Amino acid sequence: MTPPFPAILPVVRGRPLLGSAPEMVTTRLRPFLTRNYQKYGPVYGISAVGMRFVVLAGPEANLFVTKEGHKVLRSEEAWRQNDIEMGARRSMISLDGELHRKYRRVESRAYSRSYFGENLRAALEVTAEDLTPVHAGDTFRVPYWSKRVITEQLARMTVGGTARPYLEDMLTFVQTTLMVTTTKQLPKVMLLQPKVRRAKARIFKMVDDLIAQHRANPAEAAGRAPNLIDDVLAAEKTDPELWQHEDIRIAALGSFIAGMDTAANSLSFLLYRMHKHKEYLPKLRAEADALFAAGPPSAEALGRSPLLHTFVMETLRVHPIAPAMSRTLTTEVEFAGHRLPARTNVIVGTTVSHGLDQFYPNPDQFDPARFGPERAEHRKPGAYAPFGLGAHTCAGSGMAEGLIMLNAAAILHTLELELDPSYQFKEIARPTPSPADDLALRVVGVRHPVSSLFEA
């Protein structure tokens with residue numbers, strides 16, 4: 001049963017029956033939460049189709065989650081149904097406390113910034129494969145290209161697999177499941193569609209076969225560096241109860257889906273912003289050319305590329321992939337002068353701060369210079385949270401930033417692209433925010449051959 005709102009809590013008035021449900025799709029959620037933060041302050045109630053939520057928002061909420069979230073917030077209710085549909089008992093994203101820390105210690109190495117650096121060339125080889133067939137006069141389909149490339153990069157880098165034959169199955173099964181179990185955009189009956197069930201079966205068989213191959217050919221015996229599946233199988237030997245087959249499968253499956261609707265969508269937003277604000281392109285292309293002047297750049301060099309890096313950060317501010325977090329209170333807490341009871345369903349508006357004048361003057365203006373050393377507007381406490389906060393901060397944030405920057409730099413170096421000035425930008429929620437499928441860039445020309453990504 002949904003707990004009632006505390007008596008003096010301000011409550012957003014929604015529509016009859018629906019409440020605020022239409023505003024809670026991910027493409028509308030951040031501006032909705034921001035407007036109500038500005039009206040009601042850092043804590044208020046909302047309802048959606050009979051469910052009640054307490055919103056914690058703004059820098060006050062971000063600081064609270066950073067300091068206290070690990071003690072009082074639980075993820076299980078938000079993610080349990082997704083675990084079940086993914087065939088798992090539990091997963092890193094649905095666990096809290098010591099169990100979460102155990103899973104995170106095992107899985108996070110393969111998503112780290114240092115692991116990205118070690119495997120950068122393998123990622124770049126995927127980029128090159130998908131840039132090679134692109135020629136002047138072609139249409140560059142941004143969202144699909146980004147999903148195809150980043151999903152394959154993560155599959156090869158983290159588990160030694162391939163997503164190429166399974167991408168459509170991944171999109172069908174994973175997106176439908178998340179839209180049913182987490183964002184509640186679709187009814188449960190959608191999971192019974194034959195197309196979804198076939199996709200699920202194909203993906204599970206592929207992952208099970210991949211795990212079996214790793215069992216039969218462990219990293220040391222095969223003479224290769226250990227990857228995510230090797231790390232999980234090593235953990236299984238020391239704690240077999242914690243790591244049963246279902247848990248190993250969802251960990252391995254996570255490598256295929258980790259960037260499909262996160263890093264890939266961020267790359268799409270970035271490519272759109274670069275070509276919408278074309279006054280930046282000459283300098284961005286010069287930075288990209290310098291990065292590849294002596295072959296593949298290092299992860300450190302990518303991070304030091306001044307305009308490219310600030311462009312990524314501003315894109316993540318304006319287009320955060322995870323605008324909020326859903327959690328449940330494990331105990332009574334006091335926040336912003338209100339006592340909130342245990343078992344309260346809360347929405348933490350982690351990116352509300354991204355749209356506040358107190359941090360980012362003229363927040364609706366796209367301005368990469370915000371993140372330069374002279375202004376550093378994001379350095380204020382609670383101001384910037386594109387990858388979440390607290391114990392569940394995205395374990396792959398370093399990997400995601402690296403892949404976004406690497407792919408963007410490679411595209412800038414190899415292709416001259418152009419956005420139709422008449423294009424009307426649209427976002428869709430599937431389930432995370434994404435540019436609509438019609439976002440495309442025209443290939444004006446090839447600036448450098450793909451081989452120049454690897455050759456000095």
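Predicted, not measured: the structure shown is a model, and the values here were computed from it.
- Glu23 and Arg30 are not joined by a salt bridge, as no carboxylate oxygen comes within less than 4.0 angstrom of a charged side-chain nitrogen.
- Of the N and O atoms on the side chains of Thr26 and Thr432, not one donor lies less than 3.5 Å from an acceptor on the other residue.
- Note on Arg249 versus Glu246: no salt bridge recorded, every NZ/NE/NH1/NH2 to OD/OE distance being 4.0 Å or above.
- Ion pairing of Asp437 with Arg141 is absent here, as no side-chain N (NZ or NE/NH1/NH2) approaches a carboxylate O to less than 4.0 Å.
- Taken to the nearest 0.5 Å, the CG atom of Leu340 stands 11.0 Å off from the OG1 atom of Thr331.
- For the atom pair CD of Glu314 and CG of Asp367, the computed distance is 6.0 Å after rounding to the nearest 0.5 Å.
- Remark: the Asn119 side chain and the Gln153 side chain contain no N/O donor-acceptor pair separated by less than 3.5 Å.
- By the salt bridge (charged side-chain N to carboxylate O under 4.0 Å, His left out) test, Glu377 pairs with Arg370, Arg375, sequence neighbours left out.
- Remark: Arg28 is not positioned above the aromatic ring of Phe32, lacking an NZ or CZ atom under 6.0 angstrom from the ring centre and at most 45 degrees off the axis.
- A salt bridge does not link Arg343 to Glu332: none of the charged side-chain nitrogens sits closer than 4.0 Å to a carboxylate oxygen.
- Atom CD of Glu220 is surrounded by 12 or fewer heavy atoms from other residues, nucleotides or ligands within 6.0 Å.
- The pair Arg156-Glu152 meets the salt-bridge criterion, since a charged nitrogen lies less than 4.0 angstrom from a carboxylate oxygen.
- Lys426 has a carboxylate O that lies under 4.0 Å from a charged side-chain N of Asp438, or vice versa, which qualifies the two as a salt bridge.
- The aromatic ring centres of His392 and His100 sit less than 6.0 Å apart.
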May I have the list of side-chain donor-acceptor pairs in residues 187-196 shorter than 3.5 Å, sequence neighbours left out?
residue: Gln193; atom: NE2; partner: Met190; partner atom: O; Å: 3.1

Step-by-step side-chain hydrogen bond (donor to acceptor under 3.5 Å, both in side chains) determination, Asn345 to Glu77: CA-CA 9 Å; Asn345 297 317; Glu77 287 83 351; over 6 Å; no
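- At a threshold of 4.0 Å, the pair Asp169-Arg202 counts as salt-bridged, since one of the basic side-chain nitrogens sits closer than that to a carboxylate oxygen.
- Between Tyr272 and Phe425, the angle of the ring planes stays under 30°, which puts this pair in the parallel group of the 30/60° scheme.
- Looking at Arg215 and Glu236, a side-chain N of the basic residue comes within less than 4.0 Å of a carboxylate O on the acidic one, giving a salt bridge.
- In this structure, Thr351 and Pro320 approach most closely via the heavy-atom pair CG2-CB, 3.7 Å.
- Evaluation of the salt bridge (Lys or Arg N to Asp or Glu O under 4.0 Å) test over residues 103-112, restricted to residues two or more places apart or in two chains, returns Glu98-Arg105, Arg109-Asp231.
- By the 6.0 Å contact criterion, CZ on Arg224 is enclosed, its count of non-hydrogen atoms from other residues, nucleotides or ligands being greater than 12.
- The side-chain tip of Arg273 does not point at the ring of Phe311 from less than 6.0 angstrom away and within 45° of straight on.
- Side-chain atoms of Asn265 and His319 include no donor-acceptor pair closer than 3.5 Å.
- Separating the NE2 atom in His70 from the OG1 atom in Thr330 is a distance of 10.5 Å, to the nearest 0.5 Å.
- The residues Arg90 and Asp83 are annotated as not salt-bridged, no charged nitrogen and carboxylate oxygen being separated by less than 4.0 angstrom.
- Classification of the His354-Tyr384 ring pair by plane angle, with boundaries at 30° and 60°, yields parallel.
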